Amino acid sequence: MSASNDFPIPDLAAVMDDYRAQMSQLNEVQQQRDQLTAKVTVRKCVTVTVNADGQVIETAFASRVEDLSYSEIAKAVTEAAQQAAAEVMRKSMELLAPLYENNAQLPKLSDFLPEIDEAGMAPGSASWGTALNGDVVDGSDAGTRPGRSGGVTDSSW
């Protein structure tokens, strides 16, 4: 353990097991989320159902809708769609909450490579674009291969 690293490096095998478990949980949650819908009825005559993305997938009117003006129907449809979208978003957040909690417990990259300052790796920071060996990386050679001219459209790709 070096002086710059005052904590033990996490066991990589255990971290990988945790990662695999989280990916499995993520897949399961994604499948559950894909099945989410929300149905809201407004004024007892306008019902809107939305899918997991908040997109309207069904709109239904009860016979009482004849008592409403076109303007009132339009407002009721909009209100029902907005409420249903908010409800499906709430359900999605409930499904995702355990993943956010688990993610907070996972080790950071700097736990393995203490010389990396994760906060300093963000665009715009002083160390952004500087490789670990101190060379400046500005992306000007992106899309080219060393010793060759041309970019991603070069036939040598």
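Atom set for the values below is all heavy atoms of this structure, side chains included, hydrogens, waters and symmetry mates excluded. What you see is a predicted model, and the numbers here were worked out from it, not measured in a lab.
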Enquirer: Could you pull out the closest heavy-atom pair between Ser92 and Ala52, with the gap in Å?
Expert: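 Closest heavy-atom pair between Ser92 and Ala52: OG-O, 4.3 Å.
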Enquirer: Through direct or indirect side-chain contacts below 4.5 angstrom among Ile, Leu, Val, Met, Phe, Trp and Tyr, which residues connect to Val40?
Expert: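 For the cluster that includes Val40, the remaining residues are Val42.
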Enquirer: The test is side-chain contact (heavy atoms from CB on, under 4.5 Å); show your working for Lys75 and Tyr70 and say whether it passes.
Expert: CA-CA 9 Å; Lys75 287 179 185 177; Tyr70 289 127; over 6 Å; no
Enquirer: According to the salt bridge (charged side-chain N to carboxylate O under 4.0 Å, His left out) rule, which pairs have a member within residues 76-90, sequence neighbours left out?
Expert: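 Applying salt bridge (charged side-chain N to carboxylate O under 4.0 Å, His left out) to every pair that reaches into residues 76-90, excluding sequence neighbours, yields Glu87-Arg90, Arg90-Glu94.
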Enquirer: Residues in side chain to side chain contact (heavy atoms under 4.5 Å, CB included) with Val50, at least two apart?
Expert: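 Only Ala38, Val48, Val56, Ala84, Val88 meet the side chain to side chain contact (heavy atoms under 4.5 Å, CB included) criterion with Val50.
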Enquirer: Any pair with a residue in residues 54-64 that passes salt bridge (charged side-chain N to carboxylate O under 4.0 Å, His left out), sequence neighbours left out, goes on the list, sorted by first then second residue, please.
Expert: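 Sorted result for residues 54-64: empty, none.
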Enquirer: side-chain hydrogen bond (donor to acceptor under 3.5 Å, both in side chains): which pairs involve residues 33-46, sequence neighbours left out?
Expert: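 Of all non-adjacent pairs touching residues 33-46, those that pass side-chain hydrogen bond (donor to acceptor under 3.5 Å, both in side chains) are Gln30-Asp34, Arg33-Asp53, Thr41-Thr47.
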Enquirer: Kindly compute the distance separating CG (Leu99) from CD (Glu28), expressed to the nearest 0.5 Å.
Expert: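 Leu99 atom CG to Glu28 atom CD measures 9.5 Å (nearest 0.5 Å).
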Enquirer: About how many Å separate CD of Gln32 and NZ of Lys91, when rounded to the nearest 0.5 Å?
Expert: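 CD of Gln32 is found 12.5 Å from NZ of Lys91.
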Enquirer: Is the backbone of Ala74 close enough, under 3.5 Å, to the side chain of Thr78 for a donor and an acceptor to pair up by distance?
Expert: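 Confirmed, Thr78 side chain pairs with Ala74 backbone.
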Enquirer: Would you please name every residue forming a salt bridge (charged side-chain N to carboxylate O under 4.0 Å, His left out) with Glu66, sequence neighbours left out?
Expert: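 For Glu66, no residue satisfies salt bridge (charged side-chain N to carboxylate O under 4.0 Å, His left out) once neighbours in sequence are set aside.
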Enquirer: Are Phe61 and Ile57 joined in one hydrophobic group, where the rule is that I, L, V, M, F, W and Y side chains link up if heavy atoms are under 4.5 Å apart?
Expert: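 No.
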Enquirer: Not counting sequence neighbours, which residues clear side chain to side chain contact (heavy atoms under 4.5 Å, CB included) with Ser69? List them please.
Expert: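 Side chain to side chain contact (heavy atoms under 4.5 Å, CB included) list for Ser69, sorted by chain: Ser71, Glu72.
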Enquirer: Output the distance between atom CG (Leu95) and atom CG (Leu26), rounded to the nearest 0.5 Å.
Expert: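 Reported value, rounded in 0.5 Å steps: 11.5 Å.
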